[in-house]
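Residue numbers begin at 1 in each chain, while the letters A, B, ... track the order of the sequences.
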Number of protein chains: 2
Amino acid sequence: MSAKRSGPDLGLGEFIRRQRELGHLSVRQLADVCGISNAYLSQIERGLRNPSSFVLKALADGLELSAETLYAQAGILDPSNGEAGDVVEAVRRDPYLSARQREMLVEMYESFRKVNDAAE
Amino acid sequence: MSAKRSGPDLGLGEFIRRQRELGHLSVRQLADVCGISNAYLSQIERGLRNPSSFVLKALADGLELSAETLYAQAGILDPSNGEAGDVVEAVRRDPYLSARQREMLVEMYESFRKVNDAAE
DNA sequence: CGGATATGCTAACTTTTGCAAGCAGTAATT
DNA sequence: AATTACTGCTTGCAAAAGTTAGCATATCCG
């Protein structure tokens with residue numbers, strides 16, 4: 001058995017489900033895009049199954065997420081790479097944007113976050 | 001321009017074996033450290049088995065490699081992974097946005113960059 | 001020559017992944 | 001009410017992952 005679901009995989013399934021719902025996709029639609037069965041995706045989302053590396057990769061692609069983010073959520077990758085992405089900071093540091101453009105991007109980003117929070 | 005690639009198309013199993021031998025470990029020793037059976041490790045190294053995410057993670061730890069390196073070798077993670085502070089990367093890694101929202105932000109960012117380039 | 005001991009590999013077995021098919025619920029048409 | 005078309009969930013099974021026990025060879029020591 002070795003490593004199993006004892007502990008920190010709490011949330012991978014829910015994270016996937018949340019991402020799926022943010023994209024307004026049904027279980028079947030996402031499963032289809034990822035090339036897996038809807039039954040299996042349903043089980044993954046509820047934590048009943050432990051997807052293999054390749055399925056996880058397919059899910060990352062289907063959700064248009066970086067694979068690092070998903071793997072970090074699964075507790076497999078160190079979050080040092082996956083979590084650091086502060087969009088606002090990256091925008092503010094970008095030397096190729098004008099102040100006005102930075103402001104627009106930040107506002108757009110924050111309004112997205114706000115909308116998602118409200119739709120929770 | 002193509003940057004230099006180290007060990008282009010080395011299979012995952014062969015890569016693991018090479019790393020293990022570089023560390024002067026036997027199959028049993030590495031398997032023990034990783035918490036898997038020696039038989040299974042042997043099969044992984046010869047490409048007869050396809051290890052799960054957790055086993056891959058354990059192998060990375062046992063070999064004292066970054067998990068990213070091993071996952072890149074497995075063809076699961078994109079090897080281009082180092083550039084920090086990039087807006088696009090930050091957006092792609094943000095787990096609170098939907099795929100559609102990420103796409104919109106990236107397109108907005110890139111159109112800004114394009115406009116700025118043209119006006120240079 | 002034994003006999004430990006270490007190497008990697010094979011075989012038989014158990015457990016988990018992943019899928020095809022079907023079930024129950026909801027909402028809109030007819 | 002019946003049909004059609006969605007939604008997500010459950011079931012039973014084939015295939016793959018992963019383990020325990022054992023085989024064969026090689027080295028080292030008395």
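Within the structure, a side-chain polar atom (N or O) of S26(B) is placed less than 4.0 Å from OP1 or OP2 of dT7(C). OP1 and OP2 of dT7(D) both lie 4.0 Å or more from every side-chain N or O belonging to R17(A). Between R46(B) and dT10(C) there is a side-chain N or O to OP1 or OP2 distance below 4.0 Å. Listed pair R49(B) / dT16(C) fails the phosphate criterion, with no side-chain N or O lying under 4.0 Å from OP1 or OP2. Regarding contacts with the backbone of dT20(D), every side-chain N or O of S37(B) stays at 4.0 angstrom or more from both OP1 and OP2.
dA6(C) atom P lies 13 Å from atom CG of D32(B), rounded to whole Å. Rounded to an integer number of Å, the gap from L41(A) CG to dT17(C) P is 15 Å. The OH atom of Y40(B) sits 16 Å away from the P atom of dT15(C) (whole-angstrom rounding). Between the P atom of dC9(D) and the CG atom of L30(A) lies a distance of 13 Å, rounded to the nearest Å. Atoms CZ (R28(A)) and C1' (dC9(D)) sit 9 Å apart, rounded to a whole Å. In this structure, E45(A) places its CD atom 17 Å from C1' of dT17(C), rounding to the nearest Å. Following rounding to the nearest Å, K57(A) (NZ) and dT17(C) (P) show an atom-to-atom distance of 21 Å. Rounded to an integer number of Å, the gap from CG of L48(A) to P of dT16(C) is 13 Å.
Looking at E45(B) and R20(B), a side-chain N of the basic residue comes within less than 4.0 Å of a carboxylate O on the acidic one, giving a salt bridge. The existence of a salt bridge linking K57(B) and D61(B) is confirmed by a sub-4.0 Å separation between a basic side-chain nitrogen and an acidic carboxylate oxygen.
Within 4.0 Å of N50(B), counting heavy atoms only, lie sugar-phosphate atoms of the nucleic acid but no base atom. Backbone-only contact: S52(A) has heavy atoms under 4.0 Å from sugar-phosphate atoms and none from a base. Nucleic acid contact for Q43(A): base, since at least one base atom lies under 4.0 Å from a heavy atom of the residue.
Residue F112(A) forms a side-chain contact (heavy atoms from CB on, under 4.5 Å) with just one option from M104(B), R102(B), R100(B), and that option is M104(B).
Taking CZ of R113(A) as the start and CG of D94(B) as the end, the distance is 5.5 Å to the nearest 0.5 Å.
By the criterion of side-chain heavy atoms lying less than 4.5 angstrom apart, applied directly or through intervening Ile, Leu, Val, Met, Phe, Trp or Tyr residues, V33(B) is not grouped with I16(B); the two fall into different hydrophobic clusters.
Each of dG8(C), dA17(D), dA21(C) was ranked by its minimum atom distance to the side chain of V27(B); first place goes to dG8(C).
The base of dC9(D) sits with one of its N or O atoms less than 3.5 Å from a complementary donor or acceptor on the side chain of N38(A).
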